[in-house]
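Heavy atoms only: backbone and side chains are in, while hydrogens, waters and symmetry mates are out. First listed ligand is number 1; within each ligand, the first listed atom is number 1. Owing to the predicted nature of the structure, the values given are computational and were not obtained by experimental measurement.
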Amino acid sequence: MSASGDNSAAQFPPWPITDDAIRRAMEALLADGSWGRYHGPHCEQLIAGLQTACNVEHVHLCSSGTTAVELALRAAGVKPDDEVILAAYDYKANFVNVLTLQAQPVLIDTQPDRPVMDADRIEAAITEKTKAILCSHLHGCFAPIEKIRSIADAHQLTVIEDACQMSGGLINGRPSGTIGHLGTFSFGGSKLLTAGRGGAVITSDAVLAQRIKVHTHRGNDAYPLSEMQAAVLNVQLQQLADRTAQRQQAALQFLDVLSRAPDLLPACDPHTWSSTHRPGLYKLALIWQGPAADNRDTFCRAARSASVALDPGFAALHRIHAQRRFRAVGELRFAEQLHDRLMILHHPLLLRPHDEVGAAATRLLGLTGDD
Ligand SMILES: *Cc1c(COP(=O)(O)O)cnc(C)c1O
C-alpha cells in the first residue's frame, strides 16, 4: 500500500506495464463494443488459453483469487465443523475463507526459513474431521506439493494448491496449480497476470468442476470476470513464459549480489531452478538474519528510501487471530520466525534492465554494511 502512497521521492518500477499489446487490446474492446457486454470472445479465449497453458480440463473464471480459494473449498465439500489444514504462515484471506465456510483452520508449521508448509507435519494434524489441505506457493518458494498430494490421496483428502503468487511456475515440468486436485490463481492489481481484479479455479476433476458451477450459476454468474478483464489477461498470458524466464534471470542476478550479505538469507534456492522447474516470481523472499526483529522493519524502511520495494512479509496466522478461531498442531516455531524476519521484494524490478537490477541489489547490499 505504501508503495503508491508515499513514494514521491523514491522511484519504484511501475506496475502494471502498459505496453503496445495492452493498448491494442484496449482499442479493440472500444472498437467492437465488447468492453460493455456480458458475453463475448475474450472470456472464452482466456479459458482456452489457461486450459492449454495448464493442461487442465476445467477452468472457472471468477472475481478474485480470494473467491477462487473459496470456490475451491466449496468444491472440496468443506462443510461447517470440518477441518482444513494450512500453514501458520499463509495469506490471511485463506484462513478467513475457511472460517467463512464455518470450518476450522488447523495450523501446522512451515519449513525452517521457508514460507511454505512442512509436509512432514500433515499426518499428525489429520482427524476424522479433516476435509482438505490448503497450501500456497509463496514468495518464489514452492510448497512441497507433490508430497502433499500423495499424503492427501492416502487419506482421501482434497488438496487446494494456491498458485495466486505463482502464475507461470513449473514444478518438475508441471504447471503450478495443477498438482493439487484444485488450483487457484489471482489476477489482482499487483499480480503477475493482472486485470486489477479477477481470479480462476482450475481442476481436471469433473465432479469438483460441477460443484463450482452449481454454486456460482444462479441464472447469471455470481462471481464474474468481465470481458474487459479477460481481454487484457489474454495479452499477458501470451507474454507470461518470456516474462517468467526474464524474472528468473533477474532474481539470480539480484540474489548473487546479495550472497555477500550474511544478514539477508534468500528463502528460495535459485540454483535449483531450470527451464522446467522454476517459480513464478510475484515476490522474492529474504529472511532477515540480523539481531532483533525490530531491525527487519527498519531495514525495509531504509530499502524503500533507497528505492528498493522491499517490505515486511505476512503476519503469521496464529499471531493475528484469536486462539479459539483455529487449532494449532505442534509448535509453530518456524512460522513465528517468519513473522518476525521475512521480507519480500516486489516483482516489477525483475523485468527491468540488467544494470538497474544490479544497481538496486547493490544499494540494498550497501544498507547492510557488508559491501
Ligand atoms: C493475492 C493472493 C490471493 C488472493 O487474491 P485476490 O485476487 O487479491 O483476492 C490468495 N492467495 C495468495 C497466496 C495471494 O497472494
Side-chain angles (χ1 to χ4, degrees), residues 1 3-4 15-16 46 50 59-76 84-101 105 107 110 114-117 132-143 145 148 159-169 171 176-177 179-180 182-202 216 222-226 229-230 232-233 236 247 267-268 279-285 309 311-317 320 335 338 342-348:
M1 303 305 102
S4 51
W15 192 262
L46 180 58
L50 288 169
V59 172
H60 184 94
L61 304 178
C62 58
S63 52
S64 69
T66 302
T67 55
V69 172
E70 181 193 329
L71 291 173
L73 288 164
R74 291 188 187 280
V84 176
I85 298 171
L86 62 165
Y89 182 99
D90 197 357
Y91 193 67
K92 180 182 158 114
N94 287 0
F95 181 97
V96 179
N97 264 330
V98 175
L99 295 179
T100 299
L101 274 74
L107 302 182
T110 62
R114 298 190 70 230
V116 293
M117 180 177 284
I133 302 170
L134 171 53
C135 67
S136 307
H137 303 293
L138 286 183
H139 316 332
C141 296
F142 300 112
I145 186 67
I148 292 169
V159 177
I160 298 160
E161 181 183 359
D162 182 348
C164 287
Q165 296 206 356
M166 204 37 87
S167 298
I171 300 169
S176 48
I179 299 156
L182 294 137
T184 59
F185 295 106
S186 166
F187 307 132
S190 62
K191 297 287 158 87
L192 297 174
L193 295 173
T194 184
R197 299 283 174 179
V201 197
I202 61 172
T216 54
Y223 305 97
L225 184 116
S226 72
Q229 289 166 292
V232 291
L233 290 166
Q236 294 168 77
R247 287 187 196 103
C268 55
L281 285 164
Y282 168 63
K283 302 277 182 184
L284 189 60
D311 294 295
F314 298 158
L317 296 171
I320 52 171
L338 296 174
L342 192 137
M343 301 179 284
I344 40 183
L345 177 83
H346 196 31
H347 66 86

Distance under 6.0 Å and angle within 45° of ring axis: Lys191 vs Tyr282: yes
Nearest-0.5 Å distance, CZ of residue Phe187 to SG of residue Cys164: 9.0 Å
Criterion side-chain contact (heavy atoms from CB on, under 4.5 Å) against Leu192, the qualifying member of Met166, Arg247, Gln236: Arg247
Using a cut-off of under 3.5 Å, which N/O atoms of ligand 1 pair up with protein N/O atoms, and what distance separates each pair?
residue  : atom   : partner : partner atom : Å
ligand 1 : 5 (O)  : Ser186  : OG           : 3.2
ligand 1 : 7 (O)  : Gly65   : N            : 2.7
ligand 1 : 7 (O)  : Ser186  : OG           : 2.7
ligand 1 : 9 (O)  : Gly65   : N            : 3.4
ligand 1 : 9 (O)  : Thr66   : N            : 2.9
ligand 1 : 9 (O)  : Thr66   : OG1          : 2.6
ligand 1 : 11 (N) : Asp162  : OD2          : 2.7
ligand 1 : 15 (O) : Gln165  : NE2          : 3.0
ligand 1 : 15 (O) : Lys191  : NZ           : 3.0

Residue pair His347 / Lys283, side-chain donor-acceptor N/O under 3.5 Å: no
Donor-acceptor under 3.5 Å (Gln165 side chain, Ser136 main chain): no
His60 and Tyr223 aromatic centres sub-6.0 Å: no
